[in-house]
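First up is the structure itself, then whatever we jot down about it.
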2 protein chains.
Amino acid sequence: MSLRHAILGLLARKPSTGYELSGMFDASLRSAWHARHSQIYPELARLEEGGLVEVVDRGPRGSKTYALTDDGRTELRRWLVDDEPDRSQRNESAVRLFLNQLLDPADRRKVFTRDLEHVEAETAALLDLRERMDPDEPFAAQIELGLRINEVLATWLREQAER
Amino acid sequence: MSLRHAILGLLARKPSTGYELSGMFDASLRSAWHARHSQIYPELARLEEGGLVEVVDRGPRGSKTYALTDDGRTELRRWLVDDEPDRSQRNESAVRLFLNQLLDPADRRKVFTRDLEHVEAETAALLDLRERMDPDEPFAAQIELGLRINEVLATWLREQAER
DNA sequence: GCCATCATGTAAAAGGTTACATGATTTT
DNA sequence: AAAATCATGTAACCTTTTACATGATGGC
């Protein structure tokens with residue numbers, strides 16, 4: 001399980017309420033992870049009980065701002081550095097790519113064109129993000145990686161669609 | 001849900017027993033999807049009940065070989081071509097990449113080096129697979145894509161490790 | 001005869017999604 | 001005053017993992 005680590009990671013960047021975390025799972029981590037508030041609130045309660053996070057502020061509408069404790073920071077570092085990543089997680093896009101060979105040429109072209117559109121939209125979003133961003137923000141390198149991977153994908157998809 | 005579609009896809013390539021499917025989820029789909037036999041057998045039963053697959057052979061040890069029916073083939077095509085792919089699936093590697101910025105330089109280098117070793121091992125496995133493969137097999141293009149993405153990843157990881 | 005592998009299933013527990021439920025503030 | 005947004009929680013349901021359970025066959 002590592003919803004707990006995703007939450008610890010987001011809280012390490014900035015102390016937040018469960019509601020704000022919910023927004024970050026939609027925005028920053030968009031395609032990488034999605035967690036609903038119904039999962040976030042109970043997990044925050046468990047993390048607090050385990051002493052990995054603590055409530056550092058309360059807002060006017062009953063909101064609770066959580067931050068990492070020292071134990072939380074230690075656990076996050078341990079997970080990132082010492083735990084072998086679980087690389088076996090399911091990826092529907094890869095399964096579809098693998099199965100595309102089964103389609104006849106017309107269907108295959110249709111699918112590749114749809115995928116290409118999606119990659120191009122994502123590239124546009126990343127370019128936009130990079131433009132509006134502080135150039136020496138540490139996240140810049142990750143955006144660069146995303147752009148390079150999307151370029152490879154777009155090239156490959158165009159080749160396939162033209163076959 | 002699309003474990004059912006992954007199974008339909010594998011059966012479209014070749015009629016198989018549940019045991020063989022279980023092996024394919026480990027081998028062909030390795031990092032893209034992993035399903036245990038405890039999930040596969042009940043799903044095969046449901047697919048048979050729904051008329052999407054049928055038993056076409058029985059082996060000496062009580063094995064049942066399943067194949068797609070016409071309905072199964074139709075449903076697989078519908079899913080691949082007409083269903084909008086679910087691109088929001090969780091990806092632990094991406095979360096780790098996103099959180100790496102939180103680490104101090106020594107830890108970050110350690111993590112990038114570990115990732116680089118993994119990418120290089122995967123590249124070697126893909127090269128080996130390509131070598132031992134029929135050159136006009138339709139799967140060749142997917143291997144090519146994997147190699148290109150891994151090259152981008154390796155380059156990026158080396159840049160990051162040297163920073 | 002023994003061990004590895006083939007082969008299928010069920011049950012319990014954990015993780016994740018959808019739906020239900022409520023209420024406070026801020027904006028229009 | 002109404003609507004949007006902020007804010008938290010629980011319950012029912014579905015999916016996935018781990019553990020339990022059993023047995024046949026082929027090679028040594």
Side-chain angles (χ1 to χ4, degrees), chain A residues 1-8 10-11 14-27 29-50 53-67 79 84 86-92 95, chain B residues 1-8 10-11 14-27 29-50 53-66 79 86-92 95:
Chain A
M1 205 258 293
S2 61
L3 167 66
R4 65 188 302 107
H5 295 111
I7 290 177
L8 288 175
L10 289 173
L11 289 180
K14 188 174 179 301
S16 314
T17 67
Y19 185 83
E20 286 165 340
L21 286 174
S22 178
M24 291 179 212
F25 274 101
D26 282 0
L29 291 183
R30 47 169 86 88
S31 60
W33 203 289
H34 195 256
R36 315 298 168 108
H37 74 272
S38 59
Q39 224 186 332
I40 292 169
Y41 290 119
E43 187 62 44
L44 279 171
R46 277 191 291 272
L47 285 167
E48 192 186 9
E49 202 181 86
V53 306
E54 61 187 342
V55 175
V56 292
D57 194 24
R58 279 163 191 277
R61 299 186 200 177
S63 70
K64 287 180 276 184
T65 301
Y66 290 89
W79 178 69
E84 196 55 31
D86 177 5
R87 305 182 203 265
S88 74
Q89 278 168 76
R90 72 184 181 289
N91 179 347
E92 185 178 307
V95 173
Chain B
M1 206 258 293
S2 60
L3 167 66
R4 66 189 301 106
H5 296 110
I7 290 177
L8 288 176
L10 290 173
L11 289 179
K14 186 175 182 300
S16 314
T17 66
Y19 185 82
E20 287 166 337
L21 286 173
S22 178
M24 292 179 211
F25 274 102
D26 281 1
L29 290 182
R30 48 169 84 89
S31 61
W33 202 291
H34 195 255
R36 316 299 170 108
H37 73 272
S38 58
Q39 223 185 333
I40 293 169
Y41 291 119
E43 188 62 44
L44 279 172
R46 275 190 292 273
L47 286 167
E48 193 186 8
E49 202 181 85
V53 305
E54 60 188 343
V55 176
V56 291
D57 194 24
R58 277 163 193 275
R61 299 188 200 181
S63 69
K64 287 178 276 182
T65 301
Y66 291 89
W79 178 68
D86 177 5
R87 306 183 202 264
S88 75
Q89 277 169 77
R90 71 185 181 289
N91 178 347
E92 185 178 307
V95 173

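Numbers restart at 1 for each chain; the letters A, B, ... are given by sequence-line order, proteins then strands.
Between A:Leu47 atom CG and D:dT8 atom C1' there is a gap of 16 Å when expressed in whole angstrom units. Atom CZ in B:Arg36 sits about 8 Å away from atom C1' in D:dT16, given to the nearest Å. In this structure, B:Gln39 places its CD atom 6 Å from P of D:dT17, rounding to the nearest Å. The separation between A:Glu43 atom CD and D:dG9 atom P is 13 Å, rounded to whole Å. Atom CZ of B:Arg46 and atom P of C:dT10 are 11 Å apart (whole Å). In this entry the distance linking CD of B:Glu92 with P of C:dG16 reads 11 Å, nearest Å.
At least one side-chain nitrogen or oxygen of A:Lys64 sits closer than 4.0 Å to the OP1 or OP2 atom of D:dG9. Taking side-chain N and O atoms only, B:Tyr19 has no distance below 4.0 Å to OP1 or OP2 of C:dT8. Checking the phosphate oxygens (OP1, OP2) of D:dG9, no side-chain nitrogen or oxygen of A:Tyr41 falls inside 4.0 Å.
Ion pairing of A:Glu49 with A:Arg46 is absent here, as no side-chain N (NZ or NE/NH1/NH2) approaches a carboxylate O to less than 4.0 Å.
Base contact: A:Ser38 has a heavy atom under 4.0 Å from a base atom. Across all strands shown, B:Arg58 has no heavy atoms under 4.0 Å from either base or sugar-phosphate atoms.
Of all non-hydrogen atoms in A:Ile40 and A:Phe25, the two that sit nearest each other are CD1-CD1, 3.8 Å.
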Query raised in the report: Going 5' to 3' along nucleotides 21-28 of chain D, which nucleotides have protein heavy atoms under 4.0 Å from the base (write B), which only from the sugar-phosphate (write S), and which from neither (write -)?
Result: ---BBS--

